[in-house]
Chemist: 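Below is a structure I'd like to ask you about.
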Amino acid sequence: MQQSDTKQTLREIGDAIVVLWWRFFDWLAVVPWKTLMIVSFLGMMLAAMMNSPEPMIMLIVASCIIKVVAGGKRSAELTASRATERAETEQLERTVLEARMEALQAQIEPHFLFNTLASIDQLIQTDPPRASKMQQSLIRYLRSAMPQMREGGRPSLGQQVSLSSAFLEIMAVRMEERLQPKVNVPEGLKSAVFPSMMLQTLVENAIKHGLEPKAEGGRLEISAEIIDGKLAVHVLDTGMGFVPKSGGGVGLANIRERLKVLYNGRAELIISVPPEGGTLATIQVPYEVIPAKP
């Protein structure tokens, strides 16, 4: 019985020594060198008064070595902690931004829907065949939009092209011969990851600022290709041409902000003027294919 108590006591003492050792290790990791030197000097004075400086010298040397090791460990831990915090912050920014985009889409969709329904109502009285055509285009648009809003997940280029194509069909009914839409996106690229709403924003800008103000309208083409390992999605219009506004347009600024947060400098929006006039808007993002569902 007494032997068992002795073993238990020794075990507790050993545990206490281990705890004290790691506390000392952690203290050395964070204590400034100046403070450590002051403590060492006071320890040497105390050891000299007790006529036993050798153990204190050994302790100071050992503490300095441990300080170097512990400092490196502490620095690595802080670096890992900062990296984790930065990653969490970036992920939170992405989540917040995408939530804002979902809210924006929730605001845009009813506005667009009501305007289209009003146009259909007016055309029913003046041009029933056009009203029927616009209604069919609206149904196709909703068929493309609803699954994306319900399912969530990572949006694909194919989904965004389908949505923008249906939108162009509606605008073609409104503008008649003044809008000549064309979609030239290879099937192999439609499974690539592409952020939601960006393509439609470019299409809307091309119509609103390029083609609608032009009396004869013009052509609008959506295309995509791989450039230097990146997915490049183009929206070309033969309209009035790009006129930079002070501070930039809200839609384009929003695209740039989202690209910055989503891809951390690995994506960009490029606005250029083709030789034949009009505007060419290009979004380049890292090429990534959405895995096929099992």
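Remember, it's a predicted structure, so these values are computed and weren't measured experimentally.
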Chemist: Would you say the side chain of Val233 lies within less than 4.5 Å of the side chain of Thr282, judging by non-hydrogen atoms?
Modeler: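 No. Closest side-chain heavy atoms not under 4.5 Å.
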
Chemist: Can you check whether Arg178 reaches Glu216 side chain to side chain, under 4.5 Å on heavy atoms?
Modeler: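 A side-chain contact under 4.5 Å is absent here.
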
Chemist: Hey, could you give me the CD1/OG1 distance between Ile255 and Thr201, rounded to the nearest 0.5 Å?
Modeler: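 These two atoms lie 5.0 Å from each other.
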
Chemist: Using atom types as modelled and distance alone, determine if a side-chain donor or acceptor of Ser132 lies under 3.5 Å from a backbone N or O of Pro128.
Modeler: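 Pair absent, no side-chain N/O of Ser132 close to backbone of Pro128.
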
Chemist: If you group Ile, Leu, Val, Met, Phe, Trp and Tyr by side-chain heavy-atom gaps below 4.5 Å, do Val289 and Phe194 land in one group?
Modeler: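 Yes; Phe194 is reachable from Val289 via cluster members.
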
Chemist: Between Lys190 and Glu187, does any NZ, NE, NH1 or NH2 come within less than 4.0 Å of an OD or OE carboxylate oxygen?
Modeler: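 Lys190 and Glu187: salt-bridged.
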
Chemist: Which heavy atom of Gly210 sits nearest a heavy atom of Asp237, and at what distance?
Modeler: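 Between these two residues, the closest heavy atoms are CA-OD1, 4.1 Å.
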
Chemist: Would a 4.5 Å heavy-atom cut-off, applied to side chains only, mark Gln200 and Gln160 as touching?
Modeler: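 A side-chain contact under 4.5 Å is absent here.
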
Chemist: Determine, stepwise, if the pair His209 / Met240 fulfils side-chain contact (heavy atoms from CB on, under 4.5 Å).
Modeler: CA-CA 7 Å; His209 302 293; Met240 300 294 291; over 6 Å; no

Chemist: Do Val235 and Ile226 land in one hydrophobic cluster if side-chain heavy atoms of ILVMFWY residues count as linked below 4.5 Å?
Modeler: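 They do share one cluster, since a chain of ILVMFWY contacts under 4.5 Å joins Val235 to Ile226.
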
Chemist: Which heavy atom in Gly229 sits nearest to a heavy atom in Tyr287, and how many Å separate them?
Modeler: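 Reported closest heavy-atom pair: O-CB, 3.4 Å.
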
Chemist: Shortest non-hydrogen contact from Ser196 to Pro155?
Modeler: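 Distance-wise, the nearest heavy atoms are N-CG, 3.6 Å.
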
Chemist: Above 12 or not: heavy atoms from other molecules or residues under 6.0 Å from NZ of Lys214?
Modeler: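 Correct, the count exceeds 12.
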
Chemist: Passes side-chain contact (heavy atoms from CB on, under 4.5 Å), Met134 versus Met171? Steps please.
Modeler: CA-CA 9 Å; Met134 181 175 285; Met171 297 307 300; over 6 Å; no

Chemist: Leu280, Leu231: one ILVMFWY side-chain cluster at the under-4.5 Å cut-off?
Modeler: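 No; tracing contacts between hydrophobic side chains, which count when under 4.5 Å, never links both residues.
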
Chemist: Is there a path of hydrophobic side-chain contacts, each under 4.5 Å between heavy atoms, that joins Ile124 and Val173?
Modeler: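 Yes, one cluster joins them.
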
Chemist: For the side-chain contact (heavy atoms from CB on, under 4.5 Å) test, which of Ile227, Leu269, Asp228 pairs with Gln284?
Modeler: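 Exactly one candidate clears the test, Ile227.
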
Chemist: Tell me, with the steps shown, if Met197 and Arg258 meet side-chain contact (heavy atoms from CB on, under 4.5 Å).
Modeler: CA-CA 11 Å; Met197 292 294 290; Arg258 290 183 66 202; 4.1 Å; yes

Chemist: Where is the tightest heavy-atom contact between Leu199 and Ser164, given as atom of each residue plus distance?
Modeler: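 Between these two residues, the closest heavy atoms are CG-OG, 3.5 Å.
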
Chemist: Give the cluster check for Val183 versus Leu179: same hydrophobic cluster or not, with ILVMFWY residues linked at side-chain heavy-atom distances below 4.5 Å.
Modeler: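 Val183 clusters together with Leu179.
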
Chemist: If you compare all heavy atoms of Leu259 against all heavy atoms of Glu268, which two are closest, and at what distance to 0.1 Å?
Modeler: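 Leu259 and Glu268 have their closest heavy atoms at CD1-C, 3.6 Å.
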
Chemist: With the threshold set at 4.0 Å, does a side-chain nitrogen-carboxylate oxygen contact exist between Glu176 and Arg130?
Modeler: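 Yes, charged N to carboxylate O under 4.0 Å.
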
Chemist: In sequence, state the C-alpha distance, the side-chain angles, and the governing distance for Leu236 and Ile222, and then conclude on side-chain contact (heavy atoms from CB on, under 4.5 Å).
Modeler: CA-CA 7 Å; Leu236 170 69; Ile222 299 173; over 6 Å; no

Chemist: Under 3.5 Å, is there a donor-acceptor pair linking the side chains of His234 and Glu225?
Modeler: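 Side-chain D/A pair, His234 to Glu225: present.
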
Chemist: Looking only at heavy atoms, which two atoms of Ser156 and Ile290 are closest? And how far apart?
Modeler: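 That would be CB-CD1, 3.6 Å.
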
Chemist: Applying the side-chain contact (heavy atoms from CB on, under 4.5 Å) test to Thr279, which of Val273, Ile271, Leu211 qualifies?
Modeler: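 Output: one option passes, namely Ile271.
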
Chemist: Counting C-beta onward and ignoring hydrogens, is there a side-chain heavy-atom pair between Met175 and Ile207 closer than 4.5 Å?
Modeler: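 A side-chain contact exists here, since the closest heavy-atom pair is under 4.5 Å.
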
Chemist: Could you tell me whether the side chain of Ile283 reaches within less than 4.5 Å of the side chain of Ile270, counting heavy atoms only?
Modeler: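 They are not in side-chain contact.
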
Chemist: Within the distance-only criterion (no hydrogens, no angle test), does the side chain of Arg266 pair as donor or acceptor with the backbone N or O of Tyr263 below 3.5 angstrom?
Modeler: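 Yes; at least one donor-acceptor contact below 3.5 Å.
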
